[in-house]
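Data block below; observations after.
Residue numbers begin at 1 in each chain, while the letters A, B, ... track the order of the sequences. Just so you know, these numbers come straight off a predicted model, no measurement behind them.
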There are 2 protein chains.
Amino acid sequence: MELDEKPAASATEQRRDYHHGDLRRALLKAADAELTDKGVEGFSLRGVAKRADVSHAAPAHHFGNTEGLLTALAAEGFRRFIAKQEEREADAQNDPVSRHVASGLGYVDFALSNPALFNLMFTSERTDRDEDELCNAAAAAFDKLVSQTKDIVGRDPREDISAMTDVVAAWAMVHGLASLMNSGRIAVLQDMPIDQRDRVLADIISRSIADRATDAI
Amino acid sequence: MELDEKPAASATEQRRDYHHGDLRRALLKAADAELTDKGVEGFSLRGVAKRADVSHAAPAHHFGNTEGLLTALAAEGFRRFIAKQEEREADAQNDPVSRHVASGLGYVDFALSNPALFNLMFTSERTDRDEDELCNAAAAAFDKLVSQTKDIVGRDPREDISAMTDVVAAWAMVHGLASLMNSGRIAVLQDMPIDQRDRVLADIISRSIADRATDAI
DNA sequence: GCTCCCATCTTTTCAATGTCAAGATAAAAG
DNA sequence: CTTTTATCTTGACATTGAAAAGATGGGAGC
């Protein structure tokens, strides 16, 4: 399949011999590609092994089993997920609502550019949600939402049930948009130029929470 | 597993011999049970065959392959999905907003009482979305939402882009709630008594669209 | 009533997959 | 230099989806 079967450990590349050097990372990269190509339900450990050009049992050695590998992948997904939101926030105006809307656009961005990973993170059952790394990464994403909401409504959702309701509303709206668009169910938005689409999305996202800001006064 | 291995074709039951009578329906029922037990990603054709007490290749004969069976199951799911919403609407006050909120509560109800089926219908890739029966059933659910929105905002979303935006907002909100609750991600709502939970959900659902009603005046 | 056709269901077979156990290899420790 | 240990491979087995060929019996036509 490859042209040069043995690149003989080029200076920059990891050695390709028996001991790989950083196979764990290479496997994660291969798993990401496999997931993107085949989707959660078509994902296979042996497919990952082929992509990384190692034996079929190598992935299981590093991650225990399929669930272990997918769990690690999902955790990395949540970190990229947060990064994508922050990326959008950086371009936004510096008020709480604008930041939240930008963050939501990042949420949707991530879903659309990583459809399979998004499904793995939020709806797949092939993941161990109690695993520490995944737990922490997912919690970090949630905490981000909570503190953004706090900045908008002026009360801490962790102490105020009404503010927590705002968190749920904001999350549900953005997540619903991302999910439905991800599965290609909103034709109107798909057929729009991106900047127009983002304006519509921003309008919708703000409905869930923007008017709650007045409550804080 | 079963007590009586051969009920010998009781009068009301289908015959259990070579020619089953209505194996297709029996397989769908078995598939529903398999899906509920194992989830989309643990679903197996052979598991369905065992439940229906037929040979392992019987399901494929009736539905072509796994995708075919899951597609038929998803179509039936959408019909039950609509029924659940209508069930809730029947108990609601007879104004457009109340009907929509009730419908949304039915949406969430369905997701929570059929978690695996809900995932199959909305996010699984093991389904043929171009298949006629599934297409029609899913379209019927969408049409329901569209006409409900029309009743609220007073304009036809199929002709008015702003009204279609309202459709998207309403759908995203409800779908987000259902998805997130379905995957156990909203602890606050999980730990609530159901009637209180429904009040919170109703509040959130109405945020997406209720205030648009004034636009229609 | 009889024969033949054919839809229905079973049996057989094969490739792909996840996982486990045992072996091989090389890096590191002593 | 020897021993230990982590890393990776090989081989094996059960499960699964799917295809192909065979068995069964209902029903059409006569």
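Summarising the geometry, the separation between CD on B:E41 and C1' on C:dT17 is reported as 16 Å, rounded to the nearest angstrom. Rounding to whole angstrom units, CG of residue B:L70 and C1' of D:dG17 are separated by 12 Å. In this structure, the CG atom of B:D22 is 11 Å from the P atom of C:dT8, given to the nearest Å. The CG atom of B:L23 sits 16 Å away from the P atom of C:dA7 (whole-angstrom rounding). When rounded to the nearest whole Å, the span between CZ of B:R126 and P of D:dG17 equals 7 Å. Rounded to whole Å, atom P of D:dA6 lies 18 Å from atom CZ of A:F63.
Counting heavy atoms from C-beta outward, A:L28 and A:L69 have side chains that approach closer than 4.5 Å. Residues A:F110 and A:L117 are in side-chain contact: their nearest non-hydrogen atoms beyond the backbone lie under 4.5 Å apart.
Checked by atom type and distance alone, the side chain of B:D203 never pairs as donor or acceptor with a backbone atom of B:R199 at under 3.5 Å.
A:N65 is linked by a side chain to side chain contact (heavy atoms under 4.5 Å, CB included) to A:E67, counting only residues two or more places apart in sequence or in another chain.
Using a 4.0 Å heavy-atom cutoff across all strands shown, B:H56 reaches at least one base atom of the nucleic acid. Within 4.0 Å of B:A60, counting heavy atoms only, lies no atom of the nucleic acid at all.
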Check: protein-nucleotides 14-16 of chain D nitrogen or oxygen pairs below 3.5 Å:
none

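Picking from D:dT9, C:dC9, C:dG18 the nucleotide with the shortest atom distance to the side chain of B:H61 gives C:dC9. Listed nucleotides: D:dC8, C:dT8, C:dT10. Nearest to the side chain of B:H62: C:dT8.
Tested against A:Y107 for a side chain to side chain donor-acceptor pair (under 3.5 Å), the candidates A:H175, A:R88, A:Q85 yield a single pass: A:H175.
Between A:R25 and A:D22 a salt bridge is recorded (basic side-chain N to carboxylate O distance below 4.0 Å).
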